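Naming convention: chains lettered A, B, ... in sequence-line order (proteins, then strands); numbering from 1 in each chain. Just so we're clear, the structure is a prediction, and the values are computed from it rather than from any experiment.
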2 protein chains.
Amino acid sequence: MSNCSTADAGSLESLRQDDYELLARLAQRYYIDEQTQEQVAREFGLSRQKAQRLLKRARQTGVVAIHIEAPTWLRLDLEGELRETFGLKEAVVSVAQAGPRADREAVAQRAARYLERHLGEGSVVAVGHGRTAGAIARFFRPVERLGATFVSAMGGSPGADAPTNPNEICRALAQRCGGWAESLYAPAYVEDAEVRSQLLAQTAVGRTLAVAAGADMALVGIGGVDDDCTMVRSGCLSREEVAWLRSQGAVGDVLGHYVDVEGRPLASPHQQRLVALPVEHLRRVGTVVAVASEPEKPAAILGILRSGVVDVLVVDETNARAVLRTAGPRPRVAIAAGRPAAADRAQGPAHRGPYQPRPEGTVATAPRTRRGTPPGPPQEVRTCP
Amino acid sequence: MSNCSTADAGSLESLRQDDYELLARLAQRYYIDEQTQEQVAREFGLSRQKAQRLLKRARQTGVVAIHIEAPTWLRLDLEGELRETFGLKEAVVSVAQAGPRADREAVAQRAARYLERHLGEGSVVAVGHGRTAGAIARFFRPVERLGATFVSAMGGSPGADAPTNPNEICRALAQRCGGWAESLYAPAYVEDAEVRSQLLAQTAVGRTLAVAAGADMALVGIGGVDDDCTMVRSGCLSREEVAWLRSQGAVGDVLGHYVDVEGRPLASPHQQRLVALPVEHLRRVGTVVAVASEPEKPAAILGILRSGVVDVLVVDETNARAVLRTAGPRPRVAIAAGRPAAADRAQGPAHRGPYQPRPEGTVATAPRTRRGTPPGPPQEVRTCP
DNA sequence: ACTACCAGTGAGCAATTGCTCAACGGCCGA
DNA sequence: TCGGCCGTTGAGCAATTGCTCACTGGTAGT
């Protein structure tokens with residue numbers, strides 16, 4: 001998909017001169033002179049339907065070329081391909097920058113713009129961790145003060161890498177818009193499943209995760225499995241643990257939920273020690289926005305996209321190209337034959353991937369908080385005037 | 001007017017980056033991905049109306065560029081200008097050829113195409129004289145046999161230049177489509193007004209002119225006033241007579257009705273000796289198609305177009321450019337202030353010029369013959385299987 | 001501070017467009 | 001020559017689009 005309408009069926013060359021002339025004339029009168037189909041039909045002595053069919057043919061054959069004069073820093077074509085390939089609700093690709101750091105900033109900036117456009121009064125956003133996610137707040141500048149709630153969807157990290165912590169990201173975002181932040185007072189990974197159970201039983205923890213489960217939107221980073229990934233840098237997992245995950249086929253994670261390159265969830269012992277919003281709950285969130293920008297991320301992004309948990313992807317150009325290259329030209333067929341085309345016009349807001357279809361009515365931990373009805377008084381709120 | 005949608009209001013450069021991005025995105029989703037306005041509006045969190053306004057702005061500013069990939073031998077821009085400038089129903093411009101002869105053939109060819117597209121079973125065409133008109137028949141090749149009637153709208157010429165004679169042209173056209181030809185047995189110019197009256201009183205003559213007056217379409221040549229014009233060559237008028245007309249301000253004629261460069265009809269003694277369909281009757285004809293192609297014709301074409309008698313002009317590129325250059329960029333204002341814009345969308349088939357508005361209900365010599373109801377048995381018919 | 005103005009907004013409606021479907025006609029094979 | 005098939009046609013209807021209008025919120029000028 002490019003920013004130019006393409007000629008799929010038939011080509012300019014396949015037209016006879018007479019047809020070509022007629023098509024061009026009709027198109028000129030309709031598209032350029034802005035007459036109605038009925039008028040041009042009458043003018044050319046055709047029925048309206050015939051004129052309509054000819055006009056359609058004019059577009060198909062390329063007699064009519066519609067070109068979008070997009071800003072040079074937009075990558076509408078890549079965005080379209082990502083959307084199509086992975087059935088995303090939206091994809092935002094930031095143009096390639098000089099280095100990884102600049103790429104991260106660019107992605108963060110675009111993510112901030114996305115949030116600004118899509119958050120409303122009373123929105124609730126579940127937030128994950130990550131360097132890219134952590135960079136968003138600096139660019140986040142909604143026009144008006146926004147009564148939005150940012151809630152941690154994942155435990156914190158023991159390491160000192162503060163700005164990549166969900167709690168910290170929530171606080172920063174809330175501050176920028178005069179909203180609320182609700183922290184999750186728990187580490188991302190605890191000792192064992194039992195501690196986890198106890199922790200989840202705590203009102204403070206359980207409640208926060210319930211609020212996160214009822215969010216309108218989720219903002220998550222896509223994590224990798226390299227030795228320098230966020231999990232390792234922040235001290236959540238050891239290098240060895242990540243290496244083990246890698247050996248099991250893991251390519252990346254969202255909120256600590258690892259998947260393989262095909263997007264299949266990875267059952268691992270770490271899962272039992274994770275304090276984060278479960279995937280099933282994440283899937284219930286209306287719009288899951290994933291950000292990714294580091295190098296060495298294509299496999300992670302590909303796996304996560306294939307898992308179908310993501311609705312909106314914000315990514316840098318390099319990763320976008322790499323992901324699409326790896327996914328191949330027509331991966332929809334390869335991954336899940338018969339999946340309805342993403343371009344399905346009558347489609348609702350679903351856009352869910354093929355794996356782990358959302359368990360209808362299985363869990364409804366928290367009442368779905370909608371715009372205009374802010375959640376009950378969060379335990380930990382900060383209002384920033 | 002070109003074959004590319006133009007950016008009138010505002011420009012690409014005047015847009016802020018954010019607006020530009022939004023416009024481009026919307027346009028991409030709407031024009032390229034073919035979503036509905038409602039869908040893109042929902043996708044971007046806008047009201048449908050707002051999306052519509054933005055899309056309109058996208059076209060105005062040139063974010064959306066619609067280009068018609070016209071055949072190289074089409075001059076849609078010139079045709080559009082002619083249509084606009086002179087309020088024509090249609091204009092056909094043939095691409096410039098190597099010489100006058102080739103130009104004439106090209107115009108004839110395009111005129112033939114026009115006739116083929118617009119004539120139907122039972123059509124009645126009033127026909128004038130001229131070299132270009134005479135060249136049409138050779139290219140006239142309707143797909144099916146066509147029960148059309150071609151009727152002379154003007155007397156013949158004494159000279160031997162047969163193929164430019166109305167009767168001859170009618171016969172040739174009728175032959176090509178298996179229709180009928182109705183001849184006018186009279187010279188174009190007679191001795192004096194009295195002879196003319198006697199001639200018109202003849203059933204054969206009066207009847208033919210009546211049929212011509214009831215035609216659906218007229219096919220006329222635009223004549224010049226140079227020493228080598230059709231009138232002179234065919235022997236209808238002497239070189240001196242034409243010189244005299246020229247001295248009176250005449251620039252050209254249609255069916256022997258001369259006009260000055262402003263399109264005003266020229267009262268001349270020759271008028272009293274002319275055996276042809278009167279201008280008032282010609283104006284009553286639904287579609288007056290004028291063909292012109294010789295060099296030295298721009299002034300003639302300009303005058304005739306300004307007279308408003310012509311609905312459709314078929315002309316060569318060189319003359320077209322010359323006429324437009326002479327007419328100036330906004331001649332509508334100069335000629336007749338307040339004349340309704342030709343682009344008036346709700347406009348009916350009128351398209352009449354400002355001079356000599358059609359005298360409603362003054363003359364109705366012959367019942368208006370419509371498609372499907374062929375005229376009564378013409379006196380002189382030739383059927384060609 | 002008040003008021004007039006004006007650009008921008010969305011509801012509601014009319015016009016336009018796109019789609020489906022039955023009917024038609026031409027073409028090929030029997 | 002006949003019958004079936006496929007592509008084309010236009011009617012009718014549903015969806016989409018464009019437009020008008022009353023209203024709002026912000027702005028600039030008393």
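- Remark: the backbone N or O of B/Arg138 is not paired with any side-chain donor or acceptor of B/Arg141 at under 3.5 angstrom.
- Counting all heavy atoms, side chain and backbone alike, A/Gly286 lies closest to A/Lys89 at O-NZ, 3.5 Å.
- A/Ala27 and B/Ile68 make their closest contact through CB-CD1, 3.5 Å (heavy atoms, listed as atom of the first residue, atom of the second, distance).
- Within the structure, every side-chain polar atom (N or O) of B/Gln52 is placed at least 4.0 Å from both OP1 and OP2 of D/dT17.
- The backbone N or O of B/Glu81 sits nowhere less than 3.5 Å from a side-chain atom of B/Glu84 that would complete a donor-acceptor pair.
- One interatomic measurement links the two molecules: CD of A/Gln39 to P of D/dG18, which rounds to 14 Å at whole-angstrom precision.
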- Can you give the dot-bracket line for DNA chain C, using ( ) for pairs inside the strand, [ ] for pairs that cross earlier ones, | for pairs with another strand and . for unpaired bases, where Watson-Crick and G-U count if both distances are under 3.5 Å? ||||||||||||||||||||||||||||||
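- Nearest approach of A/Ala24 to B/Leu74, heavy atoms of both residues: CB-CD1, 3.8 Å.
- In this entry the distance linking CD of B/Gln37 with C1' of C/dG10 reads 14 Å, nearest Å.
- Rounded to an integer number of Å, the gap from CD of B/Gln35 to P of D/dT17 is 11 Å.
- Nearest approach of B/Leu88 to B/Leu82, heavy atoms of both residues: CD1-O, 3.9 Å.
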- Message: What does the B/S/- profile of nucleotides 7-12 of chain D look like, 5' to 3', with a 4.0 Å heavy-atom cutoff to protein?
- Response: --BBBB
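- None of A/Gln28, A/Arg25, A/Arg29 except one satisfies the side chain to side chain contact (heavy atoms under 4.5 Å, CB included) rule with A/Val40; the exception is A/Arg29.
- The side chain of B/Lys56 contributes an N or O atom lying less than 4.0 Å from OP1 or OP2 of D/dC19.
- The main-chain N or O of A/Val93 is found under 3.5 Å from a side-chain atom of A/Glu79 such that the two form a donor-acceptor pair.
- Taking atom CG of residue B/Leu55 and atom P of nucleotide D/dG18, one finds them 8 Å apart after rounding to whole Å.
- Between B/Gln35 and B/Tyr30, the closest heavy-atom pair is O-CD1, 3.2 Å.
- Between B/Tyr30 atom OH and C/dT17 atom C1' the separation is 10 Å, expressed in whole Å.
- Separating the CZ atom of B/Arg42 from the P atom of D/dA15 is a distance of 14 Å, rounded to the nearest angstrom.
- Between the CZ atom of B/Arg29 and the P atom of D/dT17 there is a distance of 14 Å, rounded to whole Å.
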